[in-house]
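Numbered from 1 within each chain, the chains take letters A, B, ... in sequence-line order.
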Protein chains: 2
Amino acid sequence: MNHSKKYSSDCGLNKVQKMVGGKWKLSLLWYISEETRRFGEIKRVFPDITQSMLTKQLRELESDGLLHREIYKEVPPRVEYSLTNLGQQFLPILRSMSEWGECNLE
Amino acid sequence: MNHSKKYSSDCGLNKVQKMVGGKWKLSLLWYISEETRRFGEIKRVFPDITQSMLTKQLRELESDGLLHREIYKEVPPRVEYSLTNLGQQFLPILRSMSEWGECNLE
DNA sequence: CGGTATCCGCGGGGATACTG
DNA sequence: CAGTATCCCCGCGGATACCG
């Protein structure tokens, strides 16, 4: 590895920061990891996220390869979100963070 | 746990997000985890962070209990940053994220 | 050397209304 | 139901100058 770039903006940690640094992304991944979720479900469980922001963050997670978005062409429409392989590989980290957060704070 | 708050703004993951969500905090913790670091060292290794922002992020990490800040009253002054116990407990997670970031991106 | 003090731009994120 | 489309605010983070 280029030694001078060990901590620079293209190191692994900063890539992670960019991918899951969004305000709600960790929680969203966590919720979707339990099982495939419909958009409406997510919206109901996270009432503090506006719908537009929810769409945006989900799409970013999708384009970063963490989420899969499956569209069912029905009436009414249905869209389901699930973890990709990459997202599943991130799960242990997510679990550790959740535990660390629950245990060590106040 | 309050079921309705399982994914709300005070769940473990969102606490983690607030604590280490800053643009440079993961990398800073990572660098300081290797050994105790002086302010000037950090500044040199992270030339893209302005000095004022560096101070701010370090202080936030300190007040969140992740970093210890030791001031030596010498001339010239010396300030050293190191991980607290809480910070050390976060290390495995940091390591996982770094590996995941290095391996799975591009 | 290791900071403050100011000022400021940008974009993350929210509110609201409309749509296929 | 699952979105766009707009508009907008605030605060993160940067730039620059000064200080004990």
Side-chain angles (χ1 to χ4, degrees), chain A residues 7-11 13-29 31-32 36-64 66-82, chain B residues 7-11 13-29 31-32 36-64 66-82:
Chain A
Y7 301 99
S8 75
S9 59
D10 59 352
C11 74
L13 279 178
N14 275 322
K15 288 176 183 169
V16 175
Q17 145 73 19
K18 286 172 194 157
M19 289 175 77
V20 299
K23 186 172 176 182
W24 305 98
K25 286 184 181 174
L26 293 180
S27 303
L28 286 172
L29 287 173
Y31 177 62
I32 294 168
T36 296
R37 306 285 191 183
R38 296 188 55 168
F39 183 84
E41 281 183 286
I42 305 174
K43 192 181 157 195
R44 250 177 290 114
V45 172
F46 295 86
D48 292 342
I49 320 182
T50 58
Q51 183 166 337
S52 48
M53 188 46 53
L54 180 55
T55 299
K56 192 183 163 200
Q57 304 243 350
L58 289 172
R59 294 295 171 82
E60 286 173 7
L61 288 169
E62 184 198 8
S63 75
D64 281 332
L66 290 165
L67 286 187
H68 173 68
R69 181 164 171 265
E70 185 75 31
I71 306 165
Y72 298 88
K73 304 221 168 197
E74 309 166 350
V75 180
R78 181 160 58 105
V79 177
E80 291 186 348
Y81 293 88
S82 56
Chain B
Y7 300 99
S8 76
S9 58
D10 59 352
C11 74
L13 279 178
N14 275 322
K15 288 177 183 168
V16 175
Q17 145 72 20
K18 286 173 195 156
M19 290 175 76
V20 300
K23 186 173 175 183
W24 304 98
K25 286 184 180 174
L26 293 180
S27 304
L28 285 173
L29 287 172
Y31 178 62
I32 294 168
T36 297
R37 306 287 191 183
R38 296 188 56 167
F39 184 84
E41 281 184 287
I42 305 174
K43 192 182 157 195
R44 250 177 290 115
V45 173
F46 294 87
D48 292 343
I49 320 181
T50 58
Q51 182 166 334
S52 49
M53 187 46 52
L54 181 55
T55 299
K56 192 182 163 199
Q57 304 242 349
L58 289 171
R59 294 294 171 83
E60 287 174 7
L61 289 169
E62 184 196 8
S63 76
D64 281 332
L66 290 165
L67 286 186
H68 172 67
R69 181 164 171 264
E70 186 74 30
I71 307 166
Y72 298 88
K73 305 220 167 196
E74 310 168 348
V75 179
R78 181 159 59 105
V79 177
E80 291 186 347
Y81 293 88
S82 56

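Taking only side-chain atoms of A:Pro76, from C-beta outward, the nucleotide of D:dC1, C:dG14, D:dG14 with the closest atom is D:dC1. The nucleotide whose nearest atom lies closest to any side-chain atom of B:Lys56 is, among D:dG13, D:dA2, C:dG13, D:dG13. Residue B:Met53 places its side chain closer to D:dG14 than to any other of D:dG14, C:dG20, C:dG2. Side-chain proximity of B:Ser52 to the nucleotides D:dA15, C:dG14, C:dC1 is greatest for D:dA15. Which of C:dG14, D:dG14, C:dG2 sits closest to the side chain of B:Trp24 comes down to D:dG14. Among the nucleotides C:dG14, D:dA2, C:dG2, the one closest to the side chain of A:Arg38 is D:dA2.
By the 30° and 60° cut-offs, the orientation of the rings of B:Tyr7 relative to A:Phe46 is tilted. The aromatic rings of B:Phe39 and B:Tyr81 are tilted relative to each other, their planes meeting at an angle between 30° and 60°.
Note on B:Arg69: only backbone sugar-phosphate atoms sit closer than 4.0 angstrom, heavy atoms only; bases stay farther off. B:Tyr72 comes within contact range of no nucleotide atom at all, as no heavy-atom separation falls under 4.0 Å.
Whole-Å rounding puts the B:Arg78 CZ to C:dG2 C1' distance at 13 Å. The distance from atom CD of A:Glu70 to atom C1' of D:dC1 is 16 Å, rounded to the nearest whole Å. Per the geometry, CG belonging to A:Asp48 stands 16 Å off C1' belonging to C:dG12, to the nearest Å.
Contact of the A:Leu67 side chain with the A:Leu28 side chain is not registered, since no non-hydrogen atoms from C-beta on lie closer than 4.5 Å.
With DNA chain D read from its 5' end, the first of the two nearest nucleotides for B:Gly21 and A:Pro77 is the one closest to A:Pro77. Heavy-atom distances to DNA chain C give each of B:Glu80 and A:Gln57 a nearest nucleotide, and the one nearer the 5′ end belongs to B:Glu80.
With B:Arg69 contributing its side chain and B:Glu62 its backbone, the two residues share no donor-acceptor pair below 3.5 Å.
Regarding contacts with the backbone of C:dT4, a side-chain N or O of B:Arg59 is found under 4.0 angstrom from either OP1 or OP2. The shortest distance between the side-chain N/O atoms of B:Lys23 and the OP1/OP2 oxygens of D:dG14 is below 4.0 Å.
Atom NZ of B:Lys18 sits in a crowded spot, with more than 12 heavy atoms from other residues, nucleotides or ligands closer than 6.0 Å.
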